[in-house]
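Some notes on the structure that comes next.
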Amino acid sequence: MRRLFLLAFIWGWSFLFIKVILEDAPPTFLAWGRIALGLAVLAVALLRSGESLPERRYWGHLLVLGLTMSVLPFMLIGWGEEHISSALASVLNACTPLFAAGFAAGLLGERLRPPQLVGIAIGFLGVAVVAGVGGGDLAGSSLLGSAAVVLAGAGYGFGFGQLLAGTLLLAPVAAVDLATGRVDLGPAAALCLVLLGALGTGYAYLLNYRTLQESGATVASLVTYLVPLVAVAAGILVLGEPFSIRLVIGGLIVVLGVALVQGRLFGQRQPTPQPVPESAVCD
């Protein structure tokens, strides 16, 4: 359980790190930097464990997964945080399990029970509330920015990507960013990028994998409820972001929807935890 809280703490601060980095670099370079640094951490872990890279026949699949899990979500979250607060982004990102349930039903043929269907509807209602639909009490927010972060959650729910594929896919774009002078990292932004990549992407990958292995997906999924708490507190206390009751109400509605989808209410039986493949992690 301590590992779970550590993971929530790391991922919760990631939204603040992103906000700081965006002051000195575009979302494309931010995404490449965090993926490349995370890859470096995983490469060290891979060497220490003596494990080998996936067989070449899987590389095409890994490119697709890297695009959906790493490249697009990281870029969308970065772009979204240019238009909304880090606190709001963290709450919206909590809707990832809603997309995961939808993809599991549509692509894998899993049957959703009525409480889960209700949970998906409630969850997206919460997203609408927290995004400010029908109101303007969240200063500096943007519906397009909110939509970008929600779409990033869809990418997470679709599949678990590979950092190597993401690094290769974004390398040309990052090179253009550097060549055109769009990147000018100050000390604070550089430190945040290192922490975001090495801790928030690389080390957190390993933490989440170990949690899944030892405790199963049910326990590991609890991080969904903890990350927004850390991120909202960090955004408000450190960055001075505006606090809104809409953020609290919408966040609670999202949590209720996710709890229904994950079967935490009404005594729905959960599957027995099983070992998971190394690629099955969440960021």
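Side-chain contact between N208 and W11 is present, with at least one heavy-atom pair separated by less than 4.5 Å. You'll find the side chain of D177 stays beyond 4.5 Å of the side chain of W32, heavy atoms only. Between T28 and V176 there is no side-chain heavy-atom pair separated by less than 4.5 Å. Annotation: side chain of L196 is in contact with side chain of L30 (closest heavy-atom distance under 4.5 Å). Residues R2 and L6 are not in side-chain contact: their nearest non-hydrogen atoms beyond the backbone lie 4.5 Å or more apart. No side-chain heavy atom of L88 sits under 4.5 Å from any side-chain heavy atom of E241. For the pair I21 and R34, the minimum side-chain heavy-atom distance is 4.5 Å or more. A heavy-atom distance below 4.5 Å is found between the side chains of T201 and F74.
Minimum interatomic distance between I10 and Y203 (heavy atoms only, all atoms of both residues): CD1-CD2, 3.9 Å. In plain terms, the two heavy atoms of L169 and L63 that are nearest each other are CD1-O, 3.7 Å. L206 approaches A45 most closely through the heavy-atom pair CD1-CB, 3.8 Å. Taking each heavy atom of E82 and P27 in turn, the nearest pair found is OE2-CD, 3.6 Å. For the pair L37 and A198, the tightest heavy-atom approach, listed with the atom from each and the gap, is CB-N, 3.9 Å. The heavy-atom pair separating V183 from P26 by the smallest distance is CG2-CD, 4.0 Å.
Of the inter-residue distances, the one linking S90 atom OG with I84 atom CD1 reads 9.0 Å to the nearest 0.5 angstrom. The structure places OG1 of T167 at 6.5 Å from CG of L164, a figure rounded to the nearest 0.5 Å. Note: L16 CG to E81 CD = 8.5 Å, rounded to the nearest 0.5 Å.
Cation-pi geometry between R182 and F29 is not satisfied (NZ or CZ under 6.0 Å from the ring centre, within 45° of the ring normal).
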Steps toward side-chain contact (heavy atoms from CB on, under 4.5 Å) verdict (F15, N93)
CA-CA 10 Å; F15 293 91; N93 193 63; 3.8 Å; yes
Test L170 against M75 for side-chain contact (heavy atoms from CB on, under 4.5 Å), laying out the working first.
CA-CA 10 Å; L170 273 176; M75 287 176 58; 3.7 Å; yes
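L252 and I245 fall within a single hydrophobic cluster, where Ile, Leu, Val, Met, Phe, Trp and Tyr are joined by side-chain heavy atoms under 4.5 Å apart, directly or via other members. Under a hydrophobic clustering in which Ile, Leu, Val, Met, Phe, Trp and Tyr are joined whenever their side-chain heavy atoms come within less than 4.5 Å, directly or via other members, L199 and V44 fall into different clusters.
Taking D24 as the reference, nothing meets the side chain to side chain donor-acceptor pair (under 3.5 Å) condition, with sequence neighbours excluded.
Counting only distance, with no hydrogens or angles, the side chain of S49 and the backbone of L46 share a donor-acceptor pair below 3.5 Å.
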